[in-house]
Amino acid sequence: MNNRQMVEVIRLLEKELQKRELPIVSQLARERRAPFEILISTLLSLRTKDEVTAAASERLFALASTPQEMLRLAEEEISQAIYPVGFYRNKAGTIRHVCRELIVRFDSRVPETLEELLTLKGVGRKTANLVVSLGFNGLGLCVDTHVHRISNRMGYVRTKTPAETEFALREKLPAKHWSRFNTLLVAFGRNTCRPVSPLCSGCAVAAYCDRIGVTKSR
DNA sequence: AAAACGGGGGC
DNA sequence: GCCCCAGTTTT
């Protein structure tokens with residue numbers, strides 16, 4: 001698959017996912033959110049389903065919407081609010097730590113660069129890229145397992161690891177498509193282009209897919 | 001490179 | 001029961 005085809009795939013997925021109202025849910029919600037809310041909800045999302053994360057985020061933001069307010073909450077209060085996302089000590093602790101850092105080091109704001117975001121403990125490559133991409137409409141390319149799998153399955157790249165995929169995509173895919181690309185592929189990967197038994201019949205972009213590594217499909 | 005962090009839901 | 005989930009840090 002070449003570049004022009006991949007851009008067409010992005011266009012088709014955009015149309016398809018809107019038409020069928022497939023659950024991009026919290027992703028689309030996040031795009032309208034303040035960077036602080038994107039940062040916090042992304043921290044909540046690690047190894048946790050998106051719907052669970054979305055509901056937990058709402059409950060937490062109802063209690064506190066700024067770093068100062070959130071830092072006033074005890075770890076126990078945060079844990080209670082975000083149930084049942086799991087990783088409570090981890091996530092509640094990280095949230096308080098990040099809030100404190102934002103206040104002390106960044107004038108109570110969320111930093112806008114990948115480098116600065118990565119200095120926050122608990123914020124890794126994917127979280128930082130999402131904040132840049134969705135929070136500041138910047139150039140963030142976040143390669144998770146969905147993006148990695150589908151990029152290879154369609155034959156757009158040939159890579160072993162998500163890190164290699166990120167590098168390859170940064171070289172190959174025009175930056176203006178990055179933000180929508182990862183958002184769309186994650187939604188697509190959950191619903192249609194699943195890890196096993198992808199729903200190939202009726203897939204909107206089947207014509208552009210090489211189906212590499214797909215053995216069983218429906 | 002692998003383990004640990006944690007709980008719900010799908011199958 | 002087993003495996004997976006918009007991951008990151010520590011060993």
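In what follows, every chain begins at residue 1, and chains take the letters A, B, ... in the order their sequences are listed.
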Q.
Taking the P atom in each of C/dA6 and B/dC11, what is the distance between them to the nearest angstrom?
A. 15 Å
Q. Heavy atoms, side chains only, cut-off 4.5 Å: are A/L114 and A/N129 in contact?
A. yes
Q | Span of DNA chain B in contact with chain A (heavy atoms, under 4.0 Å) | A | B/dC5 to B/dG8
Q) What is the distance, rounded to the nearest whole Å, between atom CZ of A/R180 and atom P of C/dA6? A) 17 Å
Q: Give every residue pair that meets the salt bridge (charged side-chain N to carboxylate O under 4.0 Å, His left out) criterion with at least one member in residues 96-109 of chain A, sequence neighbours excluded.
A: A/E101-A/R105
Return the polar atom pairs (N/O with N/O) between nucleotides 3-5 of chain C and the protein under 3.5 Å, or none.
none

Q.
If we count only N and O atoms by modelled type, under 3.5 Å, do the side chains of A/S57 and A/E37 hold a donor and an acceptor together?
A. no
Q: Tell me, please, which residues at least two apart from A/E8 pass side-chain hydrogen bond (donor to acceptor under 3.5 Å, both in side chains).
A: A/R11
Q: Under the side-chain contact (heavy atoms from CB on, under 4.5 Å) rule, collect the residues that match up with A/E112, sequence neighbours excluded.
A: A/F136
Q. So which of residues 165-175 of chain A are in contact with DNA chain C, with a heavy-atom cut-off of under 4.0 Å?
A. none
**Q.** Close side-chain approach of A/W178 to A/S133, heavy-atom, < 4.5 Å
**A.** no
Q) What side-chain hydrogen bond (donor to acceptor under 3.5 Å, both in side chains) pairs are there with at least one residue in residues 76-92 of chain A, not counting sequence neighbours? A) A/T48-A/K91
Q.
Whole angstroms only, please: what is the CG-C1' distance between A/L130 and C/dT8?
A. 14 Å
Q: Decide whether A/T159 and A/N152 meet the rule of one side-chain donor and one side-chain acceptor closer than 3.5 Å.
A: yes
**Q.** Separation of atom CG in A/L44 from atom P in C/dT8, rounded to whole Å
**A.** 13 Å
Could you give the side-chain donor-acceptor pairs of residues 199-213 of chain A under 3.5 Å, partners two or more places apart or in another chain?
residue	atom	partner	partner atom	Å
A/S201	OG	A/R218	O	3.2
A/R211	NH2	A/S217	OG	2.8

Q. Just how far, in rounded Å, is P of C/dG7 from CG of A/L43?
A. 12 Å
**Q.** Positive for side chain to side chain contact (heavy atoms under 4.5 Å, CB included) with A/F181, one of A/V7, A/L141, A/L13, A/V9
**A.** A/L141
Please tabulate, one pair per line, each protein N/O and nucleotide N/O from nucleotides 9-11 of chain C that are separated by under 3.5 Å, including the distance.
residue	atom	partner	partner atom	Å
C/dT9	OP1	A/G122	N	2.8

Q. Any side-chain heavy-atom pair from A/T113 and A/V132 closer than 4.5 angstrom?
A. no
Q: Kindly express the pairing pattern of DNA chain B in dot-bracket notation, using | wherever a base pairs with another strand and counting only Watson-Crick or G-U pairs under 3.5 Å.
A: |||||.|||||
Q: Using the salt bridge (charged side-chain N to carboxylate O under 4.0 Å, His left out) rule, collect all pairs that involve residues 124-144 of chain A, keeping only residues at least two apart or in two chains.
A: A/R125-A/E166
Q. For DNA chain C, what residues of residues 93-104 of chain A have any heavy atom nearer than 4.0 Å?
A. none
Q) With the 4.5 Å side-chain cut-off for hydrophobic clustering, are A/V214 and A/F188 part of the same group? A) no
Q: Could you state whether A/V85 and A/L73 fall into the same hydrophobic cluster, counting links through intermediate Ile, Leu, Val, Met, Phe, Trp or Tyr residues with side-chain heavy atoms under 4.5 angstrom apart?
A: yes
(Q) From CG of A/N129 over to C1' of C/dT8, roughly how many Å is that when rounded to an integer? (A) 14 Å
Q. Below 4.5 Å, heavy atoms only, C-beta onward: do A/I38 and A/V110 meet side chain to side chain?
A. no
